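Notes to accompany the following structure.
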Amino acid sequence: MSDIVFSLITTTRYRDKELRNLFLSILAGHFPLKKIEIIVCDQNQKGEACLEPIINEFSDRLQISNVRVAPRGTGYSRQQGVNLARGEFI
């Protein structure tokens, strides 16, 4: 069984600033970070917002998986994250 309790899935496109704010909010919380995984379903295409620098900035403190998905809508993207989730709660 995984030590991960919460799998937080976020889908994003053109939301690099909001993603940074999400990570800062999680860090400011009181839940043990080792029990949270964050799955970023990145719908950005080449030439659009680049999330890698933001993810790299926080990857030493948060468990982040970055998944590139085709921009087929939020539901499709979120399901890709659900398929990878390891937490007891999603």
Side-chain angles (χ1 to χ4, degrees):
M1 174 137 201
S2 173
D3 290 337
I4 302 296
V5 175
F6 289 105
S7 294
L8 189 148
I9 300 166
T10 184
T11 63
T12 184
R13 188 167 188 194
Y14 311 122
R15 303 259 191 246
D16 47 329
K17 291 175 187 154
E18 291 86 347
L19 187 65
R20 176 177 272 113
N21 289 337
L22 171 66
F23 293 162
L24 290 171
S25 294
I26 293 168
L27 288 172
H30 300 289
F31 198 81
L33 298 177
K34 65 183 177 201
K35 295 187 177 276
I36 301 172
E37 75 172 336
I38 303 163
I39 301 171
V40 177
C41 298
D42 182 0
Q43 297 183 78
N44 291 299
Q45 300 302 300
K46 226 176 207 180
E48 297 176 348
C50 183
L51 304 181
E52 284 84 9
I54 297 166
I55 291 169
N56 290 340
E57 177 183 341
F58 292 92
S59 65
D60 62 331
R61 294 169 281 169
L62 298 170
Q63 296 182 65
I64 306 170
S65 299
N66 186 23
V67 181
R68 301 286 304 209
V69 295
R72 295 185 186 165
T74 304
Y76 173 83
S77 182
R78 188 174 21 251
Q79 186 60 48
Q80 301 312 301
V82 169
N83 292 343
L84 298 172
R86 298 176 293 146
E88 185 177 345
F89 302 99
I90 298 173

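Note that this is a predicted model, so its numbers are computed, not measured. The first residue of the sequence shown is numbered 1, and numbering continues consecutively from there.
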Using side chain to side chain donor-acceptor pair (under 3.5 Å) as the criterion, list what pairs up with Thr10, not counting sequence neighbours.
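If we apply the side chain to side chain donor-acceptor pair (under 3.5 Å) test to Thr10, skipping adjacent residues, there are no hits.
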For Asp60, all residues meeting side chain to side chain donor-acceptor pair (under 3.5 Å), sequence neighbours excluded:
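Side chain to side chain donor-acceptor pair (under 3.5 Å) check on Asp60 returns nothing, list empty.
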Closest non-hydrogen atom pair, [X] against [Y]:
X     : Y     : answer
Leu33 : Arg61 : CD1-O, 3.7 Å
Ile4  : Lys34 : CD1-O, 3.7 Å
Ala70 : Gln43 : O-OE1, 4.0 Å
Arg86 : Gln63 : NH2-OE1, 3.8 Å

Just verifying a value: how many Å separate [X] [atom1] and [Y] [atom2], rounded to the nearest 0.5 Å?
X     : Y     : atom1 : atom2 : value
Lys35 : Glu88 : NZ    : CD    : 10.0 Å
Cys41 : Leu84 : SG    : CG    : 7.5 Å
Leu51 : Arg68 : CG    : CZ    : 7.5 Å
Asp42 : Ser65 : CG    : OG    : 12.5 Å

Using the side chain to side chain contact (heavy atoms under 4.5 Å, CB included) criterion, which residues pair with Ser59? Sequence neighbours excluded.
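For Ser59 there are no side chain to side chain contact (heavy atoms under 4.5 Å, CB included) partners, ignoring immediate neighbours.
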Mind checking side chain to side chain contact (heavy atoms under 4.5 Å, CB included) for Ile90 and listing every partner two or more places apart, or none if nothing turns up?
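Ser7, Ile9, Val82, Ala85.
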Residues in ring pair (Phe, Tyr, Trp, His ring centres under 6.0 Å) contact with Phe6, at least two apart in sequence or another chain
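Residues passing ring pair (Phe, Tyr, Trp, His ring centres under 6.0 Å) with Phe6: Phe31, Phe89.
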Show every donor-acceptor pair shorter than 3.5 Å between a side-chain atom in residues 18-26 and any protein atom, with sequence neighbours excluded, or say none if there are none.
residue, atom, partner, partner atom, Å
Arg20, NE, Glu57, OE1, 3.4
Arg20, NH2, Glu57, OE1, 2.5
Ser25, OG, Asn21, O, 3.0

Not counting sequence neighbours, list each pair that qualifies as a ring-ring contact (aromatic ring centres under 6.0 Å, His included) and has a residue in residues 59-85.
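Every candidate ring-ring contact (aromatic ring centres under 6.0 Å, His included) pair involving residues 59-85 fails, so no pair, neighbours aside, qualifies.
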With heavy-atom distances below 4.5 Å as the criterion, would you say the side chains of Glu52 and Asn66 are in contact?
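Glu52 vs Asn66: side chains touch.
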Could you check if a side-chain atom of Phe58 sits within less than 4.5 angstrom of a side-chain atom of Leu27, using non-hydrogen atoms only?
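The answer is yes; the side chains approach within 4.5 Å.
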According to a hydrophobic-cluster definition based on side-chain heavy atoms being under 4.5 Å apart (Ile, Leu, Val, Met, Phe, Trp, Tyr only), do Ile36 and Val67 belong together?
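Unlinked, Ile36 and Val67 end up in two clusters.
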Side-chain heavy atoms under 4.5 angstrom apart, residues restricted to Ile, Leu, Val, Met, Phe, Trp, Tyr: same cluster for Ile54 and Leu62?
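Linked, Ile54 and Leu62 end up in one cluster.
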